[in-house]
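Below, chain A is the first sequence line, B the second, and so on; all start at residue 1.
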Number of protein chains: 2
Amino acid sequence: MRSFQASGNPVNFLLPISGRRVACENCPLRPLSAFRDFSPAELSFISGFKTSEISVDAGSVILAEGSSSAHLYTLLSGWAFRFKVLDDGRRQILNYLLPGDLVGLQGSVIGEMDHSVEALSPAVLCVFQRDRLDELFCNHPGLGFDVTWLASREERMLDDHLLSVGRRTALERAAYLLAFLHERAVAVGLGQFSGFIPLTQQHVADTLGLSIVHTNKTLRKLANRGLIEWLGRSCRVLDPVELARVAGWDGPGERLRPLI
Amino acid sequence: MRSFQASGNPVNFLLPISGRRVACENCPLRPLSAFRDFSPAELSFISGFKTSEISVDAGSVILAEGSSSAHLYTLLSGWAFRFKVLDDGRRQILNYLLPGDLVGLQGSVIGEMDHSVEALSPAVLCVFQRDRLDELFCNHPGLGFDVTWLASREERMLDDHLLSVGRRTALERAAYLLAFLHERAVAVGLGQFSGFIPLTQQHVADTLGLSIVHTNKTLRKLANRGLIEWLGRSCRVLDPVELARVAGWDGPGERLRPLI
DNA sequence: CGATGAGTTGATCCTCTTCAAGGCTCGTGG
DNA sequence: CCACGAGCCTTGAAGAGGATCAACTCATCG
């Protein structure tokens, strides 16, 4: 038997604060080198596509499995994660969401969410009307292609995770995960500022398919080797190159990507 | 340590037999209840989009990791699977491909394949020109949306697999996999004909993240309970409902899907 | 025919789970 | 102010699920 413990905390509920609204033209993410440029027409469509913004606290459920939200989101700032749970509480984290990532695309395209999304840190999301997605595909085929591109990118990350959980050892898995998250954080400029990945060892355990105890011991090994540093509720990556080497991971080969 | 054995056989290479060509209008898959109807305009575009057909033997590599194929495929008949391997030969099967599934979309959209695809049985594929994908998005936004839909569907299946490999026990995993494959086969009419899923226990092991020995013992338990029957190089599912119950799996909730 | 691949089974070992306990920090309330 | 509980991290000990090693059967095939 494996980790039947009810992982995950009692969660807060969504707290839609419609605060200040950043115009897409001034989006702080857009200048980042990770994202491709858009035509003025595309940009203005996206700007109109966005209806509002919401801010959520760490631990808030942004989308719940089984719901069919009327919205599609883009994470503007903060960290979140996608997960599924079995009946008895076993939780599997599927992937992490960082600024620039679409949230809830599966639900928007197919109809109903089959996983949940929870904020890992305080986060801000751009809100889009799901039913205007058709319009996006019809009037801006380039953006339609971009949405497919982003879906393929997610698929690619899941392929990597599956390889990891299925075939890597505990140490390799942990090294892979932290190298992966570090890489993604750096790509969107989060690495520079804080250098901290905001998660608990329970999150790591539920991502790697390990028990919390073994996760702890495994992370300790990485820390003892000087590759990471663990600081209550967050992790600092000290040697991403060596982590990737331990994991036998090539890196994501990330290219310029679209931002919707 | 876990299964470092070099799993996977010496593989045949792609053998493009440009045999008879089925017109898309007469596609044998189209009448199946699993697939949605298309407008005449869409159908005629798809028909022109298709350049040829190829037939491959079981064990042929259809797409190799690292390559950037000029083609995108749809599986017309037969079974295939997507997989990745680590440097030392550990292999992880990511998902299975059945008739109607797109093959190589990731590569077509992002550029380079980061996984391989191998035929599990003799198979026939429809060949599309990758560089005409833009045209599809521009001239037939509905089809563009469909491509995104299919990408989301793949993502959803991967989510399920990840939950399985990460958090289910060996018995649950095996039960889930066979219920899943059975369900998919039935949906495209393969279940009726043969009722056999064409794979070896090594494939099952590489899908579930288990060793071949333990996979064998686990499958035996399912067989002893009368849920499946194993017959060299293939498996017959006897009780899909009970399998799903053992796995704690709800089923895919598959809806009408597009066929490109 | 040997050879090769697939499936099977038992014995042994070890990675990882489970159980248990204790420390640390922080927020809350007396 | 301190007491208290709740998370979170940590560590040791015991047990089990699954890996590894080894051997054997049974088909298929040149």
Side-chain angles (χ1 to χ4, degrees), chain A residues 1-12 57-59 88-91 120-121 164-174 196-224 228-236, chain B residues 1-12 57-59 88-91 120-121 164-174 196-224 228-236:
Chain A
M1 281 303 129
R2 33 183 62 217
S3 68
F4 277 74
Q5 64 218 333
S7 39
N9 324 334
V11 284
N12 312 329
D57 292 329
D88 56 14
R90 282 175 283 178
R91 178 176 76 170
L120 207 46
S121 71
S164 207
V165 174
R167 287 304 185 200
R168 278 195 246 252
T169 66
L171 194 72
E172 291 169 343
R173 279 185 232 185
F196 300 119
I197 303 171
L199 34 57
T200 67
Q201 298 191 349
Q202 183 68 67
H203 291 118
V204 176
D206 288 345
T207 308
L208 304 182
L210 299 170
S211 73
I212 178 96
V213 173
H214 196 62
T215 298
N216 178 284
K217 288 168 182 168
T218 304
L219 290 173
R220 185 120 303 282
K221 282 188 195 167
L222 291 178
N224 289 341
I228 64 166
E229 196 180 357
W230 198 272
L231 322 108
R233 296 194 63 84
S234 71
C235 173
R236 167 180 224 142
Chain B
M1 281 302 130
R2 32 184 62 220
S3 66
F4 277 74
Q5 63 218 333
S7 40
N9 326 333
V11 284
N12 311 326
D57 292 329
D88 56 14
R90 282 174 285 176
R91 178 175 77 169
L120 204 49
S121 71
S164 207
V165 175
R167 286 306 185 198
R168 277 193 246 253
T169 65
L171 194 73
E172 291 169 343
R173 278 185 232 186
F196 299 120
I197 303 172
L199 33 57
T200 66
Q201 298 191 349
Q202 183 69 67
H203 290 117
V204 175
D206 288 345
T207 309
L208 303 182
L210 299 171
S211 73
I212 177 96
V213 173
H214 197 64
T215 298
N216 177 287
K217 289 169 182 170
T218 303
L219 290 173
R220 186 119 303 280
K221 281 186 196 168
L222 292 179
N224 288 342
I228 65 166
E229 197 180 357
W230 198 272
L231 321 107
R233 297 193 64 83
S234 70
C235 171
R236 168 182 223 142

Could you tell me how far apart [X] ([atom1]) and [N] ([atom2]) are, to the nearest whole angstrom?
X	N	atom1	atom2	result
A:Leu222	D:dT10	CG	P	12 Å
B:His214	C:dT8	NE2	P	15 Å
B:Leu231	D:dT28	CG	P	13 Å
A:Arg90	C:dT18	CZ	C1'	14 Å
A:Glu229	D:dC9	CD	C1'	15 Å
B:Leu120	C:dA6	CG	P	12 Å
B:Ile212	C:dT9	CD1	P	14 Å
A:Arg167	D:dT20	CZ	C1'	13 Å

Side-chain N or O of [X] versus OP1/OP2 of [N]: is the shortest distance under 4.0 Å?
X	N	answer
A:Asn216	D:dC9	no
B:Arg233	C:dG5	no
A:Gln201	D:dT10	yes

Of A:Lys217 and A:Ser234, the one whose closest DNA chain D nucleotide lies more 5' |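 Taking each residue's closest nucleotide, the earlier one in sequence belongs to A:Ser234.
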Side chain of B:Arg220: nearest nucleotide among D:dA19, C:dT9, C:dT18?
-> C:dT9
Which nucleotide sits closest to the side chain of A:Val213: D:dT20, D:dG12, D:dG18?
->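 That would be D:dG12.
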If you round to the nearest 0.5 Å, how far is CH2 of B:Trp230 from CD1 of B:Ile197?
->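 These two atoms lie 8.0 Å from each other.
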Which residues pass the side chain to side chain donor-acceptor pair (under 3.5 Å) test with B:Thr207, sequence neighbours left out?
-> B:Tyr96
Partners of A:Thr218 by side chain to side chain donor-acceptor pair (under 3.5 Å), sequence neighbours excluded?
-> none
Within a strict 4.5 Å, meaning less than it, do heavy atoms of the B:Asp206 and A:Arg167 side chains meet?
->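 Yes, side chains in contact.
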Within-4.5 Å side-chain heavy-atom neighbours: A:Thr169 and B:Arg90 = yes
